[in-house]
Colleague: 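I have a structure here, written as structure tokens, and I will follow up with some questions on it.
Keep in mind that what you see is a predicted model, and the values were worked out from it rather than measured.
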Amino acid sequence: MPSADKIAALRGMRDVFSAEYARQRQVQERLERHLRLHGYQPIDLPILENTELYLRKSGEDIAARLYQFDYRSRRVALRPELTASILRAYVEHMQDEPLPLRIQYSGPVFRYEKPQQNRYRQFTLSGAELLGAKGPRADAEIINLACGGLERLGIRDYQLVIGHSDVLESFLQALGLRKQLVNFLLRNMENLRKRGIDAVIASLREIYPEFESATTATSASADGEHTQSQRLINLLREMTDDEAHQAITDFLHSLNIRIDANREQGEVVERLLQKIREDQQGPKLRVALEFMRRLGELAGEPTAALRQAQALAADFKLDGAALDALGRTLDCLAEYGDISGDIELDFGLNRGLHYYTGLIFELHCTLETGEAIQICGGGRYDNLVSILGGGEAMPALGFAYGIERLASVLETAKGAAPEAGTVCVIPVAEGDFASAFAAAKDLRARGITTEVSIEGRNLSRSLRQADRRGARLVIIIGEAERADQSALLRDMRSRQEQPILQAELAETVEELLSADG
RNA sequence: GUGGGCGUAGCUCAAUGGCAGAGCACCUGAUUGUGGUUCAGGCGGUUGAGGGUUCGAGCCCCUUCGUCCACCCCA
């Protein structure tokens, strides 16, 4: 028979086999129990959602990695995470529940990224969300819960990294930077830390050429301060976006100027306005970058890092509310007294999902290769409910573990092989299958894993197969047994066998197996 | 998106430019009702695809597809 081209699994998708499968399930089950013991109720959510759910606030990089498509004129997407779905479900069905609400979930998610070691396009997230709770107590509960799950799995050697997105974001906003620019900077904290300010500016120019003038070191228009157009520009700068927009539109109208019909008038005005405002972004941008550089250096032991951050905040005349809250969270966390991993503060920490509004944290483990691997991420997202159309804003936070990664961390520690067929029933001839199936049924009813050999090989081969597949006991039913409704029960370890009435088979097998322990 | 590695039997992989091989798996027999071993044999290939160089290409060159890994980012 001519064989057609082989169909392989899609890139980034994985087949999970016996030992690894068992390990992943075990991890999932233990975590579910752990979270349940803390009052987090499991719920199940759709894998397919309206694409819009992920576009509202997840951030561009998530959007770019979405598996999304049109299906019968609807935009749908495979979920890249579950927090958005949880909140969607909350807004849709759970707004009358008493708060705080504790929920857990587990299931596959999809992200179209380049696959590599410990990174796949489909993977499993298990997580918890604490809805309707604010303040350091709630923050500490979630962190402690996330760490507790690791301990529950026997992982005591891990690193907890805590950050706070408000410290940087509120500073950038207070500076009066354009929103686009703020978002860009938030995304590039890591970049700045690794490659320096120049690299960030270069990348800014590449992505947003309209900020070109803001990124050049010297301002060319310094001596144009008193020209009439400059006065007009200064006036516009003092207005809000809406006011300025209206002013320009009215101005053009009053002069009876018509704008090229190919372009939306509003768009032209918008661009003009943007151009006018960029010029003043330069100095602010430099202050922002300097602040980021210094903030990014603050990482390490919590008390010291926090003190340095407070000093930095004072230097830049920043109110330290976020830092105080962080300090209280750390105090609350200490009260639990069961964090056995290393704790580190990192003010440069910033996560890919852009809906975080306060606390953010990650858990890392070390693989046997010595390589660090992130196995959990989470944080606070107080405005996500209102973004998703909830009646009123609600404080909320949560975290999620990457199950495959957790399992790979445990792989080194303990690799319990899954049990294969415990009992194998071998019918010798065609006429013996009915009896064999009946015997197997009895055994399974008692919870004993049983396979029936259906290959139709001779007895020698069948026994060999049963043995190689790890059978503990073999039941042979053939011509000799047929007459008196018996079966031959063979112990594969002791190589001893005894005839047993088929009616008594299940009970005898159960006794033998329980004697094994 | 950037940079590497690898595509050879069902699977894992060998093969200084010179007869395409091994292990595992599968099948048969030694053994027609007694297993992990052993032995004998068998099945199995357009060397990812297409083009080029050469007397000769699995090997060198170009193109393309697939895949793994690193950077980026993340779980």
Colleague: All N/O contacts under 3.5 Å from nucleotides 27-29 of chain B to the protein, with atom names and distances to one decimal?
Modeller:
| residue | atom | partner | partner atom | Å |
| --- | --- | --- | --- | --- |
| rC27(B) | OP1 | R457(A) | NH1 | 2.6 |
| rC27(B) | OP2 | R457(A) | NH1 | 3.3 |
| rG29(B) | N7 | R461(A) | NH2 | 3.2 |

Colleague: What integer number of Å spans the P atoms of rU16(B) and rG7(B)?
Modeller: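 Per the computed distance, 13 Å lies between those P atoms.
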Colleague: According to salt bridge (charged side-chain N to carboxylate O under 4.0 Å, His left out), does anything in residues 145-164 of chain A pair up with another residue at least two apart or in another chain? List the pairs.
Modeller: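 For residues 145-164 of chain A: E151(A)-R156(A).
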Colleague: In residues 494-506 of chain A, what donor-acceptor pairs under 3.5 Å come from side-chain atoms, sequence neighbours left out?
Modeller:
| residue | atom | partner | partner atom | Å |
| --- | --- | --- | --- | --- |
| S494(A) | OG | Q496(A) | N | 3.3 |
| E497(A) | OE1 | R490(A) | NH1 | 2.9 |
| Q502(A) | NE2 | S486(A) | O | 2.9 |

Colleague: Quick one: do R36(A) and E29(A) satisfy salt bridge (Lys or Arg N to Asp or Glu O under 4.0 Å)? Show the steps, please.
Modeller: CA-CA 10 Å; R36(A) 204 196 284 270; E29(A) 281 160 16; over 6 Å; no
Colleague: What pairs with C332(A) under side chain to side chain contact (heavy atoms under 4.5 Å, CB included), at least two apart in sequence or on another chain?
Modeller: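 By the side chain to side chain contact (heavy atoms under 4.5 Å, CB included) rule, C332(A) matches P136(A), R137(A), A140(A).
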Colleague: For nucleotides rA9(B) and rA15(B), find the distance between their C1' atoms and express it as a whole number of Å.
Modeller: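 To the nearest whole Å, 14 Å.
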Colleague: Between which residue ranges does RNA chain B form stems of three or more consecutive Watson-Crick or G-U wobble pairs, both distances under 3.5 Å?
Modeller: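 Runs of three or more consecutive pairs: B:1-7 with B:65-71, B:10-13 with B:21-24, B:26-30 with B:38-42, B:48-52 with B:60-64.
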Colleague: Are there any protein N/O atoms within less than 3.5 Å of an N/O atom in nucleotides 11-13 of chain B, and if so, which ones and at what distance?
Modeller:
| residue | atom | partner | partner atom | Å |
| --- | --- | --- | --- | --- |
| rC11(B) | OP1 | K6(A) | NZ | 2.8 |

Colleague: Roughly how many Å apart are rA75(B) and rG35(B), using the C1' atom of each and rounding to a whole number?
Modeller: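 It works out to 45 Å between them.
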Colleague: Y120(A): which residues meet the side chain to side chain contact (heavy atoms under 4.5 Å, CB included) condition with it, sequence neighbours left out?
Modeller: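 Partners of Y120(A) under the side chain to side chain contact (heavy atoms under 4.5 Å, CB included) test: R14(A).
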Colleague: How far does the P atom of rG44(B) sit from the matching atom of rC27(B), given to the nearest Å?
Modeller: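 Comparing P positions in rG44(B) and rC27(B) gives a spacing of 16 Å.
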Colleague: Specify whether Y401(A) and F399(A) have parallel, tilted or perpendicular ring planes, treating 30° as the upper limit for parallel and 60° as the lower limit for perpendicular.
Modeller: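 It falls in the perpendicular class, over 60°.
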Colleague: Set out, line by line, the N/O atom pairs under 3.5 Å between protein and nucleotides 63-66 of chain B.
Modeller:
none

Colleague: Give me the distances for all protein-to-nucleotides 2-8 of chain B N/O pairs that come in under 3.5 Å?
Modeller:
| residue | atom | partner | partner atom | Å |
| --- | --- | --- | --- | --- |
| rU2(B) | O4 | K114(A) | NZ | 2.8 |

Colleague: For a quick check, with a 4.0 angstrom heavy-atom cut-off, what is the B/S/- contact string for nucleotides 36-46 of chain B, read 5' to 3'?
Modeller: B----------
Colleague: What residues form a ring-ring contact (aromatic ring centres under 6.0 Å, His included) with H364(A), not counting sequence neighbours?
Modeller: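 ring-ring contact (aromatic ring centres under 6.0 Å, His included) check on H364(A) returns nothing, list empty.
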Colleague: Nearest-nucleotide wise, let me know which of L488(A) and G402(A) is further upstream toward the 5' end of RNA chain B.
Modeller: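 Residue closer to the 5' terminus by nearest nucleotide: L488(A).
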Colleague: Return a table of donor-acceptor pairs under 3.5 angstrom between the side chains of residues 288-296 of chain A and protein atoms on other chains or two or more places apart.
Modeller:
| residue | atom | partner | partner atom | Å |
| --- | --- | --- | --- | --- |
| E290(A) | OE1 | R293(A) | NE | 3.4 |
| E290(A) | OE2 | R293(A) | NH2 | 2.8 |
| R293(A) | NH1 | E297(A) | OE2 | 3.0 |
| R294(A) | NH2 | D315(A) | OD2 | 3.0 |

Colleague: How about V27(A) and L153(A): do any of their side-chain heavy atoms sit closer than 4.5 Å?
Modeller: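 Yes; the side chains approach each other to less than 4.5 Å.
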Colleague: With a non-hydrogen cut-off below 4.0 angstrom, is Q117(A) in contact with a base, only sugar-phosphate, or nothing?
Modeller: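 Since only primed, P, OP1 and OP2 atoms lie under 4.0 Å of Q117(A), the category is sugar-phosphate.
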